[in-house]
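What follows is a short report on a single structure.
Heavy-atom basis, side chains included; hydrogens, waters and symmetry copies ignored. Labels below follow one simple rule: chain letters A, B, ... track the order of the sequence lines, proteins then strands, and each chain is numbered from 1.
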Protein chains: 2
Amino acid sequence: MIRGINKKHKVGCLMPSKRINPADWLTALDESGFRVTTVQETLIDIFARSEYPLSAEQAWEIARQSRPKTGRATVYRMVDKLENLGLIRRVHGYQGCSHFVPTLPELMMLFICLSCGRADYLDSQPLEDLIQHSEHTSGHHITDSRLQLFGDCADCQENA
Amino acid sequence: MIRGINKKHKVGCLMPSKRINPADWLTALDESGFRVTTVQETLIDIFARSEYPLSAEQAWEIARQSRPKTGRATVYRMVDKLENLGLIRRVHGYQGCSHFVPTLPELMMLFICLSCGRADYLDSQPLEDLIQHSEHTSGHHITDSRLQLFGDCADCQENA
DNA sequence: GCCTTATTGAGACATGGTATCAATAAGGAT
DNA sequence: ATCCTTATTGATACCATGTCTCAATAAGGC
């Protein structure tokens with residue numbers, strides 16, 4: 001379960017919802033040859049608006065509030081599709097590995113606050129440097145990476 | 001530096017089994033107040049010797065070869081215990097998130113070869129630097145991290 | 001060797017995710 | 001706008017992975 005999901009916070013200042021446009025996601029689906037349906041709109045909206053990483057199960061629960069007939073399998077299929085299209089990405093961590101956050105256009109490092117549960121996106125230049133360095137010293141060819149940082153976000157430190 | 005990459009060998013040069021001593025693991029269990037049992041010895045041996053990340057299910061399968069009556073739940077419990085004691089760590093990645101590798105005493109970065117599946121341990125200084133840098137620029141307090149690198153290992157590149 | 005109790009094994013159970021298939025609804029063609 | 005084709009959906013059965021229960025076993029202190 002997501003920690004802090006029921007806590008009341010001043011503002012969601014970590015999740016970059018402003019930077020995500022659901023309409024762009026629909027365009028992406030359309031351009032990939034998929035039909036644009038109402039379930040998709042519903043789910044895209046849910047993921048794009050959420051302040052917290054969401055699991056498929058949680059997304060289903062939320063979806064049924066506005067669209068009661070939504071099927072469970074459909075949500076799982078949709079989450080899969082969104083992940084494959086790179087629109088959302090899996091959070092590997094303390095809450096298990098089945099929660100997702102929207103992807104930002106640029107490659108970014110994920111930070112998860114262990115106190116309020118929210119995600120933040122950090123500039124990934126340091127990661128790119130690290131990769132290049134490790135490639136050099138190890139001799140391995142690095143084609144992909146997965147980094148997550150955990151701790152107390154600036155807000156939570158302040159309110160502690 | 002570990003690596004232990006010996007370019008003359010085609011197999012088994014990545015996992016640092018030499019550096020892991022099953023006896024130490026038993027000592028760790030003992031010192032944590034747990035009883036030392038034969039299942040534990042069996043499983044510790046399996047994890048310490050494996051060249052590849054193993055899931056609980058895989059470890060169970062292997063365990064039954066030498067100890068047919070081994071119970072499934074026992075293996076899951078044991079894997080849990082080993083993870084909690086920090087003796088093995090979870091690999092988050094392409095094979096799902098339920099495989100484990102032995103932990104090395106020092107904090108190290110994991111590299112997984114997408115071609116042969118083996119794990120390698122890289123020096124983690126770059127990661128520590130990255131964390132410090134990100135802490136500074138983000139204002140978050142970072143208490144834990146999770147990094148994994150994927151690609152083609154030196155061996156596989158050579159043999160391609 | 002005895003006694004206490006942590007650990008085990010077997011199997012029932014829970015959870016998270018997938019496969020099947022008839023019904024529905026996108027969206028191009030008319 | 002209406003029809004037609006077929007991707008998508010919803011319901012449900014299913015599977016895989018992991019957990020719980022509880023009687024039987026075996027560590028290890030005495």
Closest heavy-atom pair and its distance - B/Arg90, B/Cys97:
NH1-O, 2.7 Å
Would you call the rings of B/Phe111 and A/His140 parallel, tilted or perpendicular, taking 30° and 60° as the class edges?
parallel
Let me check something: do A/Leu26 and A/Val79 share a hydrophobic cluster, defined by ILVMFWY side-chain heavy atoms less than 4.5 Å apart, either directly or through other members?
yes
Measure all distances between protein nitrogen or oxygen atoms and nitrogen or oxygen atoms of nucleotides 23-25 of chain D, and list the pairs falling under 3.5 Å.
none

Salt bridge (Lys or Arg N to Asp or Glu O under 4.0 Å) partners of A/Arg72, counting only residues at least two apart:
A/Glu57
Which of residues 69-76 of chain B have a heavy atom under 4.0 Å from DNA chain C?
B/Lys69, B/Thr70, B/Gly71, B/Ala73, B/Thr74
Ignoring hydrogens, what is the shortest heavy-atom contact between B/Ala48 and B/Pro22? Give both atom names and the distance.
CB-CG, 4.0 Å
B/Asp30 CG to D/dG29 P: how many Å, rounded?
8 Å
Spell out, yes or no, whether A/Met108 and A/Ile88 are grouped together once hydrophobic residues are joined by side-chain heavy atoms under 4.5 Å, including indirect joins.
yes
Under the ring pair (Phe, Tyr, Trp, His ring centres under 6.0 Å) test, residues paired with B/Phe150 that sit two or more places apart
B/Tyr94
Look at the side-chain heavy atoms of Ile, Leu, Val, Met, Phe, Trp and Tyr, link any pair under 4.5 Å apart, and say whether B/Phe34 and B/Val75 land in one connected group.
yes
If I take atom CD in residue A/Gln40 and atom P in nucleotide D/dT8, what distance separates them, rounded to the nearest angstrom?
7 Å
Over how many whole Å does the gap from A/Leu29 atom CG to D/dT9 atom C1' extend?
15 Å
Check side chain to side chain contact (heavy atoms under 4.5 Å, CB included) between A/Thr143 and all other residues, then give those that pass, not counting sequence neighbours.
A/His141, B/Leu114, B/Asp152
In terms of hydrophobic clusters joined by side-chain contacts under 4.5 Å, are A/Leu85 and A/Val91 together?
yes
Distance (rounded to the nearest 0.5 Å) between A/Arg146 CZ and B/Arg146 CZ
12.5 Å
What pairs with B/Asp30 under side chain to side chain contact (heavy atoms under 4.5 Å, CB included), at least two apart in sequence or on another chain?
B/Val36
Specify the residues of residues 55-65 of chain B, ordered by number, for which at least one heavy atom lies under 4.0 angstrom from an atom of DNA chain D.
none
Rounding to an integer number of Å, can you tell me how far A/Arg35 CZ sits from D/dT9 P?
10 Å
Could you list the protein-to-nucleotides 28-30 of chain C atom pairs, N/O on both sides, closer than 3.5 Å?
none

Tell me the bend of the helix from C/dG1-D/dC30 to C/dT30-D/dA1 as the angle between end helix axes, each from five pairs, rounded to the nearest 10 degrees.
40°
Return the value, rounded to whole Å, for the distance between atom NE2 of A/His99 and atom C1' of C/dG17.
14 Å
Separation of D/dG10 C1' from A/Leu43 CG (nearest whole Å)
13 Å
Are any non-hydrogen side-chain atoms of A/Phe100 and A/Ser50 less than 4.5 angstrom apart?
no
Examine B/Ile44 and B/Leu104 and state if one hydrophobic cluster contains both, with Ile, Leu, Val, Met, Phe, Trp and Tyr joined whenever side-chain heavy atoms are less than 4.5 Å apart.
yes
Taking every heavy atom of A/Trp60 against every heavy atom of A/Gly71, the minimum-distance pair comes out as NE1-C, 3.5 Å
Residues 129-136 of chain B, side-chain donor-acceptor partners within the protein, below 3.5 Å, at least two apart:
unit_1   : atom_1 : unit_2   : atom_2 : d
B/Asp129 : OD1    : B/Gln125 : NE2    : 2.9
B/Ser134 : OG     : B/Leu130 : O      : 3.1
B/Glu135 : OE2    : B/Ile142 : N      : 2.9

Ranking C/dG17, D/dG28, C/dT7 by distance to the side chain of A/Ser98, first place goes to C/dG17
With a 4.0 Å heavy-atom cut-off, tell me which residues in residues 77-90 of chain A come close to DNA chain D, sorted by residue number.
A/Arg77, A/Lys81
Once side chain to side chain contact (heavy atoms under 4.5 Å, CB included) is applied, do any residues pair with B/Thr74, and if so which ones, sequence neighbours excluded?
B/Val39, B/Arg77
Donor-acceptor side-chain pairing of A/Glu31 and A/Thr27 below 3.5 angstrom
no
